[in-house]
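On a predicted model such as this, the values are computed, not experimentally measured, just so you know. Whatever order the structure lists them in is the order used to number ligands and atoms, beginning at 1.
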Amino acid sequence: MHLDHSHDESTAVSADAHRPDGHRRALRIGLGGPVGSGKTATVAALCKELREELSLAVVTNDIYTREDAEFLLREAVLPPERITAVETGACPHTAIRDDISANLEAVEDLEDEIGPLDLILVESGGDNLTATFSKGLVDAQIFVIDVAGGDDIPRKGGPGVTTADLLVVNKTDLAPYVGSDLEGMAADAKAQRAELPVIFQSLRSDVGVGPVAAWARAQYAAWAASA
Ligand SMILES: Nc1nc2c(ncn2[C@@H]2O[C@H](COP(=O)(O)OP(=O)(O)OP(=O)(O)O)[C@@H](O)[C@H]2O)c(=O)[nH]1
Ligand SMILES: [Mg+2]
């Protein structure tokens with residue numbers, strides 16, 4: 001099921017949209033959400049889907065390891081120099097919301113070293129429902145939950161579910177096995193988010209990351225037109 005409610009495609013431009021040399025900097029999209037919901041899998045699929053048309057890079061955040069970056073490197077979703085890991089050493093949300101310096105340095109270093117980039121995906125470490133990105137770090141954020149984490153999550157709300165620019169409800173292929181009510185999740189998400197978009201996704205299906213990639217493409221188009 002793919003529910004994509006109509007949405008103003010414009011992105012909230014956070015920090016300065018230009019680099020010191022006057023060139024437009026990359027659009028930065030953050031992916032947050034609970035542990036194991038499918039953030040890295042979505043980043044990997046987005047890279048494969050978009051890498052021929054956009055110049056991409058990825059920053060991953062893990063608490064004590066570089067596992068997510070290592071997974072992306074193993075999968076060869078991008079050349080290695082385009083994938084950077086930030087070890088947060090503390091609550092993941094601290095590094096994406098409170099002290100964003102390590103992440104800002106990572107995105108700026110990528111642009112310095114690789115040259116002009118179109119899109120940088122920043123994956124937060126898995127956290128709880130309260131984690132959101134600082135608008136000083138990303139221009140738009142995706143909150144990834146999954147149907148196996150409980151079909152009451154959209155109803156429970158929290159800033160990720162209610163305010164993220166895109167809510168992805170992942171692993172819909174597992175719904176029959178865990179007894180999740182997708183229609184109920186869609187209704188709860190709609191009640192929490194009004195017109196903000198929601199995409200139900202299974203990376204195990206033929207459709208895969210397509211709808212989320214289309215959303216990211218539209219964000220980039222709006223960014224490129226405005227910046
Ligand atoms: N069945 C199914 N499994 C999925 C789907 N998407 C991801 N997974 C699996 O779910 C597990 C966790 O996925 P990750 O992408 O590592 O999750 P994550 O949100 O990055 O996890 P953390 O970074 O540890 O918080 C992996 O085994 C994935 O292969 C999906 O759509 N369906
Ligand atoms: Mg991950």
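Partner of Cys47 under the side chain to side chain contact (heavy atoms under 4.5 Å, CB included) criterion, chosen from Leu54, Thr42, Val58: Val58.
Interatomic distance, CG of Leu167 versus OG1 of Thr162, reported as 9.5 Å (0.5 Å rounding).
Both the backbone and the side chain of Leu203 come within 4.0 Å of ligand 1, counting heavy atoms alone. Counting heavy atoms closer than 4.0 Å to ligand 1, residue Leu174 contributes side-chain atoms (C-beta onward) but none from N, CA, C or O. Contacts between Asp68 and ligand 1 below 4.0 angstrom, taking non-hydrogen atoms only, involve the side chain exclusively.
Residues satisfying the side chain to side chain contact (heavy atoms under 4.5 Å, CB included) test with Lys156, not counting sequence neighbours, are Asp152.
Protein N/O/S atoms found under 2.8 Å from the Mg ion (ligand 2), listed by chain and residue number: Thr40 OG1, Asp68 OD2, Glu123 OE2.
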Stepwise, does the side-chain hydrogen bond (donor to acceptor under 3.5 Å, both in side chains) test hold for Ser202 with Asp173? CA-CA 6 Å; Ser202 168; Asp173 55 295; 2.8 Å; yes
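Looking only at heavy atoms of the protein, atom 10 (O) of ligand 1 is closest to Lys171 NZ, 3.1 Å. Counting protein heavy atoms only, atom 16 (O) of ligand 1 is closest to Thr40 CB, 4.1 Å. Looking only at heavy atoms of the protein, atom 27 (O) of ligand 1 is closest to Arg204 NH2, 4.8 Å. Counting only heavy atoms of the protein, atom 21 (O) of ligand 1 lies nearest to Gly36 N, 3.0 Å. For atom 19 (O) of ligand 1, the closest heavy atom belonging to the protein is Lys39 NZ, 2.7 Å. Nearest protein heavy-atom neighbour of atom 32 (N) of ligand 1: Asp173 OD1, 2.9 Å. Of the protein's heavy atoms, Ala41 N, 2.7 Å lies nearest to atom 15 (O) of ligand 1.
Sorted by first and then second residue, the side chain to side chain donor-acceptor pair (under 3.5 Å) pairs involving residues 76-92 (not counting sequence neighbours) are Ser55-Arg82.
One finds a salt bridge joining Asp139 and Arg25 here, because a Lys/Arg side-chain nitrogen approaches an Asp/Glu carboxylate oxygen to under 4.0 Å. In this structure, Glu195 pairs ionically with Lys190, as a charged nitrogen and a carboxylate oxygen lie closer than 4.0 Å.
For Gln201 and Asn170, the side-chain atoms include at least one donor-acceptor pair closer than 3.5 Å. Checked by atom type, the side-chain pair Thr40/Asp68 shows a donor-acceptor distance below 3.5 Å.
Residues Pro154 and Ala189 approach most closely at CB-N, 3.9 Å, considering heavy atoms. Taking every heavy atom of both residues into account, Ala164 and Phe143 meet most closely at CB-CB, 3.6 Å. The two residues Ala85 and Arg66 come nearest to each other via the heavy atoms CB-NH1, 3.6 Å.
Any N or O atom pair closer than 3.5 Å counts here, and Gly38 shares at least one such pair with ligand 1. Among the atoms of Gln201, none of the N or O lies under 3.5 angstrom from an N or O of ligand 1. Taking any N or O of Asp62, backbone or side chain, none lies under 3.5 Å from an N or O belonging to ligand 1. Between Ser124 and ligand 1, a contact under 3.5 Å exists for no N or O pair.
In the hydrophobic clustering of this structure, Tyr64 does not group with Val59; members are Ile, Leu, Val, Met, Phe, Trp, Tyr whose side-chain heavy atoms approach within less than 4.5 Å, directly or through other members.
Protein heavy atoms are found inside the 4.0 Å sphere centred on atom 7 (C) of ligand 1.
Between the side chain of Arg28 and the backbone N or O of Leu137 there is at least one donor-acceptor pair closer than 3.5 Å.
Within the 4.0 Å heavy-atom shell around ligand 1 one does not find Glu67.
Other members of the cluster containing Val35 do not exist, because no ILVMFWY side chain is joined to it at under 4.5 Å.
Listed by number with element, the atoms of ligand 1 under 4.0 Å from a non-hydrogen atom of Gly126 are 25 (O). Listed by number with element, the atoms of ligand 1 under 4.0 angstrom from any heavy atom of Glu123 are 20 (O), 23 (O).
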